[in-house]
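Values in this document were obtained by computation on a predicted structure and should not be read as measured data.
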Protein chains: 2
Amino acid sequence: MRPTIKDVAKAAGVSPTTVSHALNGKGVVRRETVERIERIAAEVGYRPSAIARGLQNSRLGLLALVIRPLHSLDTFLPEGVDYFLRMAGAASLAALDRGYSLMLIDDPTRPDAPLSATAADAYIVTEPFENDPVLSMLSERNIPFVSVGSDPARPGQFFELATRDWEEALLVLDHLAAAGGTRVALLTGTDQNAWNRESQDAYLDWCARRGQTPDLAAFPEVEGEGVGEAAAERFFGAAGTHPDAVFCLTGRHAAGLNAAVAARGIRVPEELLIAAGSGAIQNRMSKPSVTTLDLHPEGIAARAVEVAVLLAEGRPPEGPLEVPTATLDIRESTTRA
Amino acid sequence: MRPTIKDVAKAAGVSPTTVSHALNGKGVVRRETVERIERIAAEVGYRPSAIARGLQNSRLGLLALVIRPLHSLDTFLPEGVDYFLRMAGAASLAALDRGYSLMLIDDPTRPDAPLSATAADAYIVTEPFENDPVLSMLSERNIPFVSVGSDPARPGQFFELATRDWEEALLVLDHLAAAGGTRVALLTGTDQNAWNRESQDAYLDWCARRGQTPDLAAFPEVEGEGVGEAAAERFFGAAGTHPDAVFCLTGRHAAGLNAAVAARGIRVPEELLIAAGSGAIQNRMSKPSVTTLDLHPEGIAARAVEVAVLLAEGRPPEGPLEVPTATLDIRESTTRA
DNA sequence: CTGAAAGCGCTTACAG
DNA sequence: CTGAAAGCGCTTACAG
């Protein structure tokens, strides 16, 4: 059994109050008493319980990061999705910087969630789903939180870092057009989040403005590169007109398509341009390498942590609630000789 | 003020005990009472305090990961050090899988550490320093922990996942020799950890066995690729005999050297072989790409979490306490035509 | 300078 | 079926 403050008090022949005072440098305790208590505490291996302490002000100095799309992914490894790993790492560091710890947690609404999942001072929820129960729960219980991207069904209802899905989609689409694309198709994921929605709407709008017939398909995020063949079949299987450029939202879909079209003898970038709305590591390394948007997850994480800390401390968030602007990493897949 | 169980009890006209029973499905409470209490709890936005609950069994379902070398790094980003990010991400997921959350924390011995830093059920400490105060503190206070790699001054004294620094060093050295290296130099970091130590000892032993004169240098991990020029000067600046192969422990040092020797007109791999003892992303992408050891941080993390969970639950760890074996990713820097 | 008491927000025997 | 009481391990007025 781990020793408590009582054990130390007993061993030192003083009251728990005095032990507390002595060990925390509060109140007034005679120097010798302090030293004796410190010695005894060390001897018995006493460590104050952070949980008991936390009970006083109900703050642990703990932030939680809930990466919603993690549920749709089979892996968290960098081979899979660069974005989340960079985000989680950067968020952890940003939290350390501000005197907090950050934990990555699964859905805290699950009945079998560990106690820790509900012990955070504030929450960061990235890419909430439509009518996301996590946001509902946090909101109902008055737990401070900030989301990255809005709940598609409830935009503007909570503290959220506005993403720039629409303008980022246009950035890629315009680049594809500038690179020579005339029939640009869109390949989205199937998660019901703002990113998929907004990108699709931006695409439809862009097509309408250009007088182009939209050509879009959706495949599950979870299948990653595995959708390559199906996507290739979808776009190039039937006779008739085929796209000469594809905008894949996820880097993994782009990587899969990139490989699948190569197998069909379609040359990238000569016959087909490919660009992705977020980067996976393999996009930089593939032959040809694939143009991707860099969403700067580190910057997003830093800002989210900043806001979360303010909320945790009961202060209003300062500055504009938005993510940094994305930049385009132009690679071989959209660079014609 | 956030509502407590008392508020709910008062509003429902019952005792806190009954609220507790009703909300947790314990004891025997009339169905209607349960429903009324649930309704009222929802109305007032009641959320049970995880901290108060945790006080009962002093367990939060929380694991802490302390990445010691983080102190010597200027960045945690993947451009910097692939290894730790992959480790942290994989550890987080492994923890989720077992019903725990995992937080990345800074040195928990710091007096200004947040409460959370000492609230974990068990700790994972990677690459402890010599006489690491973190290990001392955890050990003194009987807090369960497992280290990845041993404290160089106290090997075998605590639960630790044995690393294979020695055999991994030989793997790289033998590969360099097989690839044509005859005068193999070593470039280590300056942190006082087992990895630097063991690798150096293995190198000296290997040189002795081959009758080669050792040629070794150490540069700070924190400087990363920045050491390239200084390392190139160190190995190739003076007249006389120069190495024809360099084993850099860190991927970032290798990347820096790779670039610096190119600037001097030294061709890799024709005139100089380079290999690294751990991978950074740029090693895969550089021209030429650089051969690295893949330490499989995901496997290490999974095993560390497994052990940490057992210790947190007061059970003895099962199976051999060691990390998975590393594999060599052979790339252009050690492949002569 | 020291300590008894109350309290942080829960849970859990135990008694009614 | 319900509740008063004790307790988890601390801290903090407050009284001596």
Atom pair distance, as rounded to whole Å: [atom1] in [X] and [atom2] in [N]:
| X | N | atom1 | atom2 | result |
| --- | --- | --- | --- | --- |
| I5(A) | dT12(D) | CD1 | P | 11 Å |
| I51(A) | dT11(C) | CD1 | P | 14 Å |
| L115(A) | dG9(C) | CG | P | 17 Å |
| Q56(B) | dT11(C) | CD | P | 7 Å |
| I37(A) | dC10(D) | CD1 | P | 14 Å |
| K6(B) | dG3(D) | NZ | P | 16 Å |
| L60(A) | dT11(D) | CG | P | 14 Å |
| D7(A) | dG7(D) | CG | P | 15 Å |

Tell me whether the OP1 or OP2 atom of [N] has a side-chain N or O from [X] closer than 4.0 Å.
| X | N | answer |
| --- | --- | --- |
| K26(A) | dT12(D) | yes |
| T33(B) | dT2(D) | yes |
| S15(B) | dG3(D) | yes |
| T17(B) | dT2(D) | no |
| S20(B) | dT11(C) | yes |

- Starting from the 5' end of DNA chain C, give me the residue, H21(B) or L55(B), whose nearest nucleotide shows up first.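 Its nearest nucleotide lies further toward 5', so the answer is L55(B).
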Heavy-atom nearest nucleotide on DNA chain C taken for R30(A) and for T4(B); more 5' hit belongs to R30(A)
Looking only at dT11(D), dG9(C), dG3(D), the nucleotide nearest the R53(A) side chain is dT11(D)
Ranking dC10(D), dC8(D), dG3(D) by distance to the side chain of T18(B), first place goes to dG3(D)
dA4(C) -> Watson-Crick or G-U wobble partner, both distances under 3.5 Å, gives none
Can you check whether [Y]'s main-chain N or O pairs, donor with acceptor, with [X]'s side chain at less than 3.5 Å?
| X | Y | result |
| --- | --- | --- |
| D121(A) | L62(A) | yes |
| N196(A) | N193(A) | no |
| S15(A) | T18(A) | yes |
| T109(B) | V134(B) | no |

message = Any base atoms under 4.0 Å from R47(B), or only sugar-phosphate, or nothing? Heavy atoms, all strands.
response = sugar-phosphate
Item to check | The single option from D132(A), D191(A), D106(A) passing salt bridge (Lys or Arg N to Asp or Glu O under 4.0 Å) against R68(A) | outcome: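 Running salt bridge (Lys or Arg N to Asp or Glu O under 4.0 Å) over D132(A), D191(A), D106(A) with R68(A) returns exactly one hit, D132(A).
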